[in-house]
Amino acid sequence: RQGLAEGVIIRPTTDADLTAMKRELEAKADPKEGATETAAPNLDRMRKAQQRFLIAVISAFIQDEFAIRDDLRLSTGLRYDHTTVAGAELSPRAALIYAPTARTTVKALVGSAYRAPNSYETSYTVLGEGGQLGNGDLDSERIRTAELVWSQRIDTGTTMTASLFRYDARDLISQVLDEDSGLLTFANRGRVTAQGMEVAVDHVWGNGASARASYSFAEVEDSAGQA
């Protein structure tokens with residue numbers, strides 16, 4: 001499959017913006033200290049942002065399932081994405097499914113995914129006080145997941161599910177202050193891990209009505225060790 005992601009920026013960075021930015025940075029600089037050189041990296045970032053106001057995405061995926069035994073199956077998949085912002089990305093997944101009885105199923109699942117930076121984060125630029133600077137050097141956010149799921153059909157229409165999970169997200173995109181320009185911008189900062197469990201009971205009546213009761217607990221920690 002291929003197509004265009006929603007990615008037209010609200011207002012592309014223009015040459016006039018670049019000129020104004022350079023003048024603003026030079027005005028803030030102290031000529032005696034030669035601080036006007038700090039304008040160069042910011043102007044380069046703005047030019048990169050200006051070139052990335054349209055994001056094109058090409059995607060392809062493959063998935064298959066293998067019967068190891070009558071009660072044991074392996075499902076695997078691989079997705080390939082190529083974007084004008086993040087380049088090539090691979091997202092594999094796998095699930096081992098064990099069904100010892102018609103009422104009981106146990107699944108072990110692992111996988112990874114990503115989120116490419118959007119055009120607002122890479123390209124949107126507003127100069128002046130309280131403004132924002134696009135960052136064309138952003139990398140994709142990435143997450144790895146692992147989950148163990150037990151599902152038990154109690155009676156007709158009633159199913160109980162319990163799961164243990166762990167998520168590991170890195171290169172998270174956060175809004176920070178750019179020290180050179182004094183403007184807000186986006187950067188890949190930090191890492192977050194989450195692990196926990198969930199128990200749920202679902203019931204579906206013959207008329208199609210359904211109800212669900214669940215309890216979940218998660219322990220989340222960032223790269224600074226804060227929960």
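On a predicted model such as this, the values are computed, not experimentally measured, just so you know.
Evaluation of the side chain to side chain contact (heavy atoms under 4.5 Å, CB included) rule for T145 yields I143, Y167 as partners, not counting sequence neighbours. Here E65 pairs with R73 under the side-chain hydrogen bond (donor to acceptor under 3.5 Å, both in side chains) rule; sequence neighbours left out. Contacts of E147 classified as salt bridge (Lys or Arg N to Asp or Glu O under 4.0 Å), with partners at least two apart in sequence or in another chain: none.
The two residues V126 and L183 have their closest heavy-atom pair at O-CD1, 4.3 Å. For the residue pair S214 and A200, the shortest heavy atom distance occurs at CB-CB, 3.7 Å. Taking all atoms of both residues into account, the shortest heavy-atom contact from V149 to S163 is CG2-CB, 3.9 Å. Nearest heavy atoms, M197 versus F165: N-CE2, 3.4 Å. Minimum interatomic distance between T185 and G134 (heavy atoms only, all atoms of both residues): OG1-C, 4.2 Å. Here the shortest heavy-atom pairing between N135 and F186 reads ND2-O, 2.8 Å.
Within 6.0 Å of CZ on R189 lie no more than 12 heavy atoms contributed by other residues, nucleotides or ligands. Taking a 6.0 Å sphere around CZ of R115, one finds it holds more than 12 heavy atoms contributed by other residues, nucleotides or ligands. In E179, the CD atom is not crowded: 12 or fewer heavy atoms of neighbouring residues, nucleotides or ligands sit closer than 6.0 Å. Counting non-hydrogen atoms of other residues, nucleotides and ligands closer than 6.0 Å to CG of D155 gives a total above 12.
Using modelled atom types, one side-chain atom of E141 and one backbone atom of I173 make a donor-acceptor pair closer than 3.5 Å.
In this structure, E198 and T161 have side chains that are not in contact, with every pair of non-hydrogen atoms separated by 4.5 Å or more. Using a 4.5 Å heavy-atom cutoff, the side chains of Y120 and Q132 are in contact. Side chains of L148 and V106 form a contact here, defined as non-hydrogen atoms less than 4.5 Å apart.
A distance of 9.0 Å separates CD in E121 from CD in Q175, rounded to the nearest 0.5 Å. For the atom pair CZ of R79 and OG of S112, the computed distance is 11.5 Å after rounding to the nearest 0.5 Å. The CD atom of E221 sits 11.0 Å away from the CG atom of D168 when rounded to the nearest 0.5 Å. Atoms CZ and CZ, from R142 and R170 in turn, are 5.5 Å apart once rounded to the nearest 0.5 Å. Once rounded to the nearest 0.5 Å, the distance linking OG1 of T158 with NE2 of H203 reads 4.5 Å. Summarising the geometry, atom CZ belonging to R191 is positioned 9.0 Å from atom CG belonging to D171; distances are rounded to the nearest 0.5 Å.
The hydrophobic clustering, which links ILVMFWY residues whose side-chain heavy atoms are closer than 4.5 Å, places L127 and L133 together. By the rule that hydrophobic residues join a cluster once side-chain heavy atoms approach within less than 4.5 Å of another member, Y98 and I68 end up as members of one cluster. By the criterion of side-chain heavy atoms lying less than 4.5 angstrom apart, applied directly or through intervening Ile, Leu, Val, Met, Phe, Trp or Tyr residues, Y215 is not grouped with V220; the two fall into different hydrophobic clusters. Grouping the Ile, Leu, Val, Met, Phe, Trp and Tyr side chains by contacts below 4.5 angstrom, directly or via other members, places F217 apart from V192. The hydrophobic cluster containing V110 does not contain I97, counting ILVMFWY residues as joined when their side-chain heavy atoms lie under 4.5 angstrom apart, directly or transitively.
With 3.5 Å as the limit, one finds a donor-acceptor pair spanning the side chains of D81 and S59.
When hydrophobic residues (I, L, V, M, F, W, Y) are linked wherever their side-chain heavy atoms come within less than 4.5 Å, the members clustered with L184 are L177. Within the hydrophobic cluster formed by Ile, Leu, Val, Met, Phe, Trp and Tyr side chains joined at under 4.5 Å, directly or through other members, I62 is accompanied by L78, Y80, L90. V176 forms part of no hydrophobic cluster, judged by ILVMFWY side-chain heavy-atom separations under 4.5 Å.
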